[in-house]
Amino acid sequence: MLGIGQILRLLTIQRVLLKHGLDDLVFTLHLFRSVRWLQKLLPWNWFRKTGEPMGVRLRLSLEDLGPIYVKFGQLLSTRRDMLPDDIAMELARLQDKVPPFPGRIARDIIEQALGKRVEEVFREFDETPLASASVAQVHAATLKDGRAMIVKVIRPEIRKVIGRDLGIIRIMAETLERYSRDARRLKPSAVVAEFEKTLFNELDLMREAASASQLRRNFSDSEVLYVPEVVWELTNRDVMVMERVTGISVSDVAALEQAGVDLKWLAERGVEIFFTQVFRDSFFHADMHPGNIFVQPESDGHARFMMVDFGIMSSLSEYDQRYLADNFLAFLNRDYQRVAELHIESGWVPPETRVDEFEFAIRTVCEPMFDRPIRELSIGTLLLRLFQTARQFNMIILPQLVLLQKTLVNIEGLGRQLYPDLDLWATARPIMQRWMDDRMGLRAMLKGTRDTVPYWLNRLPRFPHKVMDLVDRLQDGKFQVELKSGEVDELRREIRRNNRNNIRVIIGCALVLAALVSYLTGPGAWITAGFPLLPLLLGAAGAWLVIRVLSEP
């Protein structure tokens, strides 16, 4: 049921859509295609100029409708697996810039959130905002101890506005799904749900502060990336106080050259930072556009990245990480069959998909791209074309993969702007290969064994007790079950088999533990004794015993 406010808003939306000639969209729905000639009879179409492309008219409409619709258009611009390229590129031009609200209102919000007067917290507070966006605006401030800060403040009444507009967008998406077969395939309701989740996450500044703190901890020892510190005692849901960082905008190539920064080095480090976030930490900044990245020049042509605005972050599970790394490496080797198999194994495309058909489609997309010069080879575009191809095979595009592709396009664009001959593949490959090595092979097995030894040691002493408890309960007749003699014999054999298996597991774990202890303390004594491979053989024998027991039906 729509409220009065939503009804009035719908009338405003209708007026804006008609103003920009977007009633075309209504007549493209399956329900109205047969009566499309009626469009010519509508009075507002008699004198209206409609020479502009659909993408331009859609962008202008969203800008007129306000910041929430602008942000929704920005989200849609990242879904190039769903939209035609011309519309997606036009929506990408949308800017999340709105007029600032008065500084005195920001002051009131801060004082209400912190329970203190601004003068009690800050030595200086500038009521003129540094930046203003649809959800919040940022002010400069100085703490009592002299540290420069930024204060991010949520816009007043923004939650009420978002709730009203989201309700309308949700109704529009459901209507599209009801009356358009094409819309049902693209699942607009799921897109709106994703948008709603992202938007409400941005409204909680505690969440953004936690993301910034996590990223800062991940790169605490880094010499190429600095993440500002959050002042937790002055941060809550509506206000966030964070260290202010300054530097040259990463897009100001002339200023970077004048400061003596090695642009090739800078571009490669930017790529490394992104792939380190994705594969080492599984936690990445998903809004890495030029406005959020600054550069602080240092000596020898090197520099340090300074990152801000942590409202949009994302992560990948180890499952998705592995398939993504495998896919990238298979692409590098032009092993398109493996790429197709990986998509099916990961569940990204339905299991009934024919590998040969999918492989052929992928080869058709990728081969022309690999024949281009390295400066024209784009991972982001390749990933986009892959999404578009896989869409034909009913691929499920996960939200985190969409954010990854969008961020990758941004990083690649920035890197090529700094250094046009950037070989992004060569820069990223060692990071992916190192991640694969850490999770496969002997090193991964030793690490996994070392991590699980405490669990084994904690569980092993209870194994014999559990087995004896089961035997005692059987002997005491606590299992009130009538069994035939054959079944009793089978039960006895099962108990004996379990006892043997328990003994094998205990021996196997002991051998693995002995091998691990000798590995951690150093193999010098074994080499001196003339048995350099003894720890490895002990560990292999122990692992074999355990695996054999676990593999038995």
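Taking 4.0 Å as the cut-off between side-chain N and carboxylate O, Asp238 and Arg159 count as a salt-bridged pair. Look at Arg117 and Glu111 and you find no salt bridge, because none of the NZ, NE, NH1 or NH2 atoms lies under 4.0 Å from a carboxylate O. Look at Asp145 and Arg123 and you find no salt bridge, because none of the NZ, NE, NH1 or NH2 atoms lies under 4.0 Å from a carboxylate O. At a threshold of 4.0 Å, the pair Asp262-Lys264 does not count as salt-bridged, since none of the basic side-chain nitrogens sits closer than that to a carboxylate oxygen. Looking at Glu202 and Arg207, no side-chain N of the basic residue comes within less than 4.0 Å of a carboxylate O on the acidic one, giving no salt bridge.
Other residues, nucleotides and ligands contribute more than 12 heavy atoms inside 6.0 Å of the CD atom of Glu127. Taking a 6.0 Å sphere around CD of Glu120, one finds it holds more than 12 heavy atoms contributed by other residues, nucleotides or ligands. Open room surrounds NZ on Lys116; 12 or fewer heavy atoms of other groups in view lie less than 6.0 Å from it.
No cation-pi contact links Arg107 to Phe101, judged by a cut-off of 6.0 Å to the six-membered ring centre and 45° from its axis.
For Glu124, the salt bridge (Lys or Arg N to Asp or Glu O under 4.0 Å) test picks out no residue, with sequence neighbours left out. Taking the ring pair (Phe, Tyr, Trp, His ring centres under 6.0 Å) definition, one finds that Phe72 meets it with Phe195, sequence neighbours left out. For Asp281, there are no salt bridge (Lys or Arg N to Asp or Glu O under 4.0 Å) partners, not counting sequence neighbours.
At least one side-chain heavy atom of Leu114 sits under 4.5 Å from a side-chain heavy atom of Asn236.
Side-chain atoms of Arg155 come within 3.5 Å of backbone atoms of Ala133 as a donor-acceptor pair (strictly under, hydrogens ignored). Looking at Gln137, its side chain never comes within 3.5 Å of a backbone N or O of Pro100 through a donor-acceptor pair. In this structure, His289 contributes its side chain and Thr407 its backbone to no donor-acceptor pair below 3.5 Å. The backbone N or O of Ser222 sits less than 3.5 Å from a side-chain atom of Arg304, completing a donor-acceptor pair.
Residues Gln112 and Asp108 have side chains that never bring a donor and an acceptor to within less than 3.5 angstrom of each other.
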For this session: Go through Glu63 and Arg59 one step at a time and tell me if the salt bridge (charged side-chain N to carboxylate O under 4.0 Å, His left out) criterion holds.
Result: CA-CA 6 Å; Glu63 288 175 348; Arg59 174 177 61 81; 3.3 Å; yes
